[in-house]
Amino acid sequence: MLQKSLTTTVFDKLYTKYSNEPTLNCLPVFDWSENDFNFNVPINVSGNVSLSGELTIGDTNVLDEISTINNNLFNLNYETSEVKTGEVWIDGKPIYRKVFQVSAIQSKVVTINHNISNANIVWVDTSHSFLLVGNNTYSLPRIGNSINQCVGVQATRSTFTISAGSDASFSGGAIVTLLYTKTT
């Protein structure tokens, strides 16, 4: 930590007075050199802060770290390939996401192999799974007016299954989003 010694001397044109007070060791509020500007006290900012160049702590570029954290933590990309969401399950394992586009479904029970390697726990992301019927979408699972109009979806370590009641229609297909952890 940088410390400065401060000794006071007061003089005017006729007389010079040296302080009899002890030398004080103090830390300045800020100091600077040709290459940096240091604050030696906590700083609170109200309002906006604008930076140009790099913001580093030690050898770490903080802005690059924030960008990486945002990409990993808030990965809101929905893709048909495997995506690491940035979330962590209760066992400490990362959570992955994969979206499936199921074309027009002709039978009332369709089972699809999801080809997720080393799948451990697999579940349907019901917030991002839906049926396509004409120009309409219906969340999965779909609760109809009767049991015959319901459509459900379930997932296992190797497949997911869409099951429909006898009066259910999903000729436009479905979007099924799976969330999962892996055994490795």
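- Nearest heavy-atom pair across Thr183 and Ala119 is CG2-O, 3.7 Å.
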Item to complete: Go through Leu131 and Val151 one step at a time and tell me if the side chain to side chain contact (heavy atoms under 4.5 Å, CB included) criterion holds.
Response: CA-CA 9 Å; Leu131 295 172; Val151 180; 3.8 Å; yes
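- For the 3.5 Å distance criterion, the side chains of Thr111 and Thr159 fail to qualify, holding no donor opposite an acceptor.
- Here the side chains of Thr181 and Pro94 are not in contact, with every heavy-atom distance at 4.5 Å or above.
- Applying the ring pair (Phe, Tyr, Trp, His ring centres under 6.0 Å) rule to Phe160 yields the partners Phe100; only residues at least two apart in sequence or on another chain are considered.
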Problem set entry | From CA spacing to verdict: salt bridge (charged side-chain N to carboxylate O under 4.0 Å, His left out), Lys93, Glu87 | CA-CA 9 Å; Lys93 292 183 178 178; Glu87 298 171 289; over 6 Å; no
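- Put simply, the side chain of Lys98 does not reach to within 4.5 Å of the side chain of Thr80, judged on heavy atoms.
- Other residues, nucleotides and ligands contribute only 12 or fewer heavy atoms inside 6.0 Å of the CG atom of Asn145.
- Nearest heavy atoms, Ile175 versus Leu140: O-CD1, 4.2 Å.
- The OG1 atom of Thr161 lies 8.5 Å from the CD1 atom of Ile112; values are rounded to the nearest 0.5 Å.
- Contact annotation: the side chain of Thr137 approaches that of Leu132 to within less than 4.5 Å [non-hydrogen atoms, C-beta and beyond].
- Screening Ile116, Val153, Asp125 for a side-chain contact (heavy atoms from CB on, under 4.5 Å) with Leu178, the sole residue that qualifies is Ile116.
- Put simply, the side chain of Thr177 gets close to the backbone of His128: a donor and an acceptor are under 3.5 Å apart.
- With a 6.0 Å cutoff to the six-membered ring centre and a 45° limit on the axis angle, Arg97 does not count as a cation-pi contact of Tyr180.
- Looking at Val109 and Ile162, their side chains never come closer than 4.5 Å, going by heavy atoms from C-beta outward.
- A donor-acceptor distance shorter than 3.5 angstrom exists from the side chain of His114 to the backbone of Arg157, with no hydrogens or angles considered.
- If you chain together ILVMFWY residues whose side-chain heavy atoms come under 4.5 Å of each other, Ile95 ends up grouped with Trp89, Ile90, Ile121, Trp123, Leu179.
- Between the side chain of Ser163 and the backbone N or O of Gly152, no donor-acceptor pair lies under 3.5 Å.
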